Amino acid sequence: MSEKIIEIKGVSRLYGTTVAVDNIDLYIRKGEFLTLLGPSGCGKTTTLRMIAGFELPSSGQILLNGQDITHLPPYLRPVNTVFQRYALFPHLNVYDNVAFGLKLKKVRVVEEDDRGNRYERFVRLTRDEIDEKVERALMMVDLEEFEGRDVTTLSGGQQQRVAIARAIVNEPEILLLDEPLGALDLKMRKEMQLELKAMHDKLGITFIYVTHDQEEALTMSDTIVVMKDGTIQQIGTPKDIYNEPANAFVADFIGESNIFSGTMVDKFKVRFAGANFACVDDFAKNEKVDVVIRPEDIYVVEEGKGAVDGRVVSSVFKGVHYEMVVMVGKNEFTVQDTQEFAVGRTGSLIVKPEDIHIMKKEFEENVYDGMITKRNTVRFAEGEFECDLTQLMPGSRLDEEGYLIDAEGKKYDLTDVPVKVTVGLKDIEIIDNETDGQAAGQIVSIIYKGDHYQVIIRTPEEEEDFVCDTEYTWNEFDRVSVKISPEHIKMRLTGEVEPL
Amino acid sequence: MIKLSRKNLVIPYALFLALFVVAPLLVILYLSFTDSNGAFTFGNFAKFFGDPTYITTFLYSLAIAVLTTLLCLLLAYPVAYILARSKWNKKMILVLLFVMPMWINFVLRIAALRELLNLLGLVGQSTGFLKTVIGMVYDFLPFMILPLYTTLIKMDKSVLEAASDLGANNRQVFFKAVVPLSLPGIVSGITMVFMPSMTCYVVSDVLSERTFEVLGNLIERNYMDNWNFASAIAIVLLVIIGIVMLFTYRFEDHDVNARGGGLW
């Protein structure tokens with residue numbers, strides 16, 4: 001498991017102006033089981049198809065054993081594919097489907113004539129050789145009795161096996177599998193997962209597997225490549241990916257997780273959900289971070305004995321454990337514990353420092369949970385802000401009484417309706433006075449970012465942060481206020497609103 | 001009162017088939033094996049197969065039909081293939097252009113073609129065969145393009161990718177996957193072209209200005225005064241078409257129609 005069999009160097013694939021794969025670099029080691037994992041549209045299938053040769057990269061290079069195969073047509077590549085919907089030849093029976101590649105294959109033989117001249121020529125496989133190989137491949141997938149059967153009469157699982165046999169019979173260096181189990185039912189899928197894994201061990205060739213099913217990826221792979229929006233998010237072993245997700249997306253995609261916005265308050269100390277927790281990651285003080293905790297890593301103990309107290313709002317028995325939702329202030333913790341805390345009870349949560357995964361957060365905008373007031377302003381982060389309510393519904397307007405009228409003429413009272421508010425970093429104005437702005441707070445951090453300062457202002461009660469990019473320098477611990485003009489407050493509804 | 005159950009719905013169709021298909025067939029069969037007095041005889045068939053001019057006409061007809069079908073297939077396949085594979089989103093317009101001549105009156109179209117061929121210098125008795133083939137191909141080409149196009153456009157592209165993945169170059173993909181998978185379309189096309197070109201006599205009549213005869217002419221000439229002989233020729237024609245159809249269906253395996261594409 002050392003040599004690189006495939007190297008993908010700076011490969012991009014564009015369809016018109018949409019980018020399906022965005023400048024990825026990846027290498028695959030000989031003999032490994034590598035899974036490309038991601039939600040639909042993340043570019044995993046496109047990547048696989050570029051390795052197979054069905055699609056050409058818009059830019060970049062693909063190397064196989066060090067040789068450039070970027071523009072080599074599929075039939076010249078020593079790779080075979082198992083397709084998503086099998087793609088068997090409906091006009092051929094099982095035997096002929098499996099033998100398809102063998103009948104086309106020519107092997108090099110070196111011969112010597114009477115005068116001792118050696119020359120090489122390419123010969124087709126003999127009938128017997130083909131017979132033997134087909135038989136062996138069908139044995140591998142437990143279909144040896146099915147040679148003469150019409151493929152259209154087979155069940156989904158059997159068709160899948162034929163598709164696998166058809167690919168492996170050619171003894172490819174790499175087997176590509178494009179969501180091969182997607183069309184099978186759950187039980188069949190689990191069975192095939194184990195069989196594929198066993199087959200990989202037995203054949204010893206490289207498997208590249210594409211799936212959107214994280215469990216499938218964790219079960220089978222040596223290496224998982226998590227993709228999103230055409231880029232690689234993380235490459236690692238299933239264990240690494242699960243235990244040390246590189247960012248909030250990976251954490252969310254692989255398994256269940258609790259993700260919180262937190263701030264580093266000290267070395268190895270992170271603050272989120274209104275409490276300080278010890279952790280093992282070291283980030284700069286006051287850095288905004290994403291905190292990820294797996295539900296099974298949280299323990300509920302008697303009130304006051306853990307790091308933070310919360311009320312159990314739901315509890316579902318899941319067989320081995322109870323899945324409980326614990327509310328800590330406005331934060332929701334999903335907890336899996338073998339011990340049940342009854343709904344309504346207050347418990348305390350414990351998380352071991354090594355189970356708190358901290359990821360750097362790239363700040364692009366401020367996000368708040370807000371609420372519309374009866375004066376048609378929006379309240380968030382201990383402040384009240386003028387805003388444009390008509391952006392909540394397309395084609396809407398406000399009537400004289402202040403009700404929102406939508407495009408169809410329906411009338412809404414938005415008082416106390418929750419909204420998600422986003423404000424750009426450059427759109428917050430800092431005022432050197434606690435009372436003149438719309439919300440007040442204390443400056444907790446100033447970071448110089450090359451051409452501007454990033455200032456974080458924290459409100460006293462709810463500990464909400466305003467992150468602002470500004471060209472002026474401010475002093476830490478100054479008490480200031482902020483002002484945001486209505487056109488910079490972007491809002492969307494978080495739930496359904498009933499018309500009056 | 002007859003209850004309107006699902007079973008009874010078949011009655012009108014059964015009546016129609018009995019009256020307009022089975023009965024006429026039986027009448028023709030009866031006529032072909034009797035003389036003008038109604039006595040049983042093989043004479044009509046003996047007359048047909050004993051006369052070299054009839055046999056020549058028959059062979060010409062067969063040759064025209066086979067040649068027309070082959071030419072149509074050779075011309076239509078590339079067109080249908082290119083149209084089906086092209087990513088151009090206005091390709092329906094092209095398909096329409098190929099099919100549109102069918103919307104113009106048949107006789108008018110053939111008459112126009114005659115003028116065109118005359119203009120090109122194809123005149124005289126010796127050109128009858130050639131002109132008939134040209135006319136038939138011109139007329140029946142859309143019937144070949146349409147079924148081929150529908151089969152090819154419905155073809156699962158991942159199957160072709162699979163072929164290429166398994167080591168087939170472009171030529172091998174075409175002959176080992178595309179052609180076998182489009183067999184239902186080919187069979188439909190052959191049926192649609194061969195049957196009418198075997199029986200149609202208007203094309204040869206108009207184009208050769210009645211200097212060249214096909215089997216259809218023979219029937220037309222005889223049915224006024226010798227019903228029995230005309231019926232015998234019709235039965236011969238029926239048997240020939242039947243044999244050809246059996247032959248083409250052999251290529252099509254039983255489940256192919258389930259995949260679609262076959263118009264028959």
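We use all heavy atoms of the structure for the numbers below, so side chains are in, but hydrogens, waters and symmetry mates are not. The shown structure was predicted, so the numbers you read here are calculated from the model rather than taken from an experiment. Reminder, nothing fancy here: chain letters follow the sequence lines and each chain counts from 1.
- Both the backbone and the side chain of K176(B) come within contact range of chain A, judged by heavy atoms closer than 4.5 Å.
- Only the side chain of R49(A) comes within less than 4.5 Å of a heavy atom of chain B; its backbone N, CA, C and O stay farther away.
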Does L166(B) form a side-chain contact (heavy atoms from CB on, under 4.5 Å) with R166(A)? I'd like the steps, not just the answer. CA-CA 8 Å; L166(B) 292 167; R166(A) 184 180 68 172; 3.5 Å; yes

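- Within a 6.0 Å radius of CZ in R109(B), more than 12 heavy atoms belonging to other residues, nucleotides or ligands are found.
- With a threshold of 4.5 angstrom between heavy atoms, E161(B) approaches chain A through its backbone and through its side chain.
- Under the side-chain contact (heavy atoms from CB on, under 4.5 Å) rule, F89(A) has a single partner from V159(B), D156(B), L160(B), which is V159(B).
- Residue-level contacts of residues 67-75 of chain A with chain B, in order of numbering, are P74(A), Y75(A); threshold 4.5 Å between heavy atoms.
- Atoms OG and OH, from S158(B) and Y86(A) in turn, are 12.0 Å apart once rounded to the nearest 0.5 Å.
- In this structure, CG on D165(B) lies 7.0 Å from CG on L176(A), to the nearest 0.5 angstrom.
- Only the side chain of N170(A) comes within contact range of chain B, with at least one heavy atom under 4.5 Å from a heavy atom of that chain.
- If you measure heavy-atom distances from L92(A) to chain B, you find no contacts under 4.5 Å at all.
- In terms of heavy-atom proximity, S164(B) sits nearest to F54(A) at OG-CE2, 4.5 Å.
- Between Q172(B) and L104(A), the closest side-chain pair of non-hydrogen atoms falls below 4.5 Å.
- Scanning residues 59-81 of chain B against chain A with a 4.5 Å heavy-atom cutoff picks out nothing at all.
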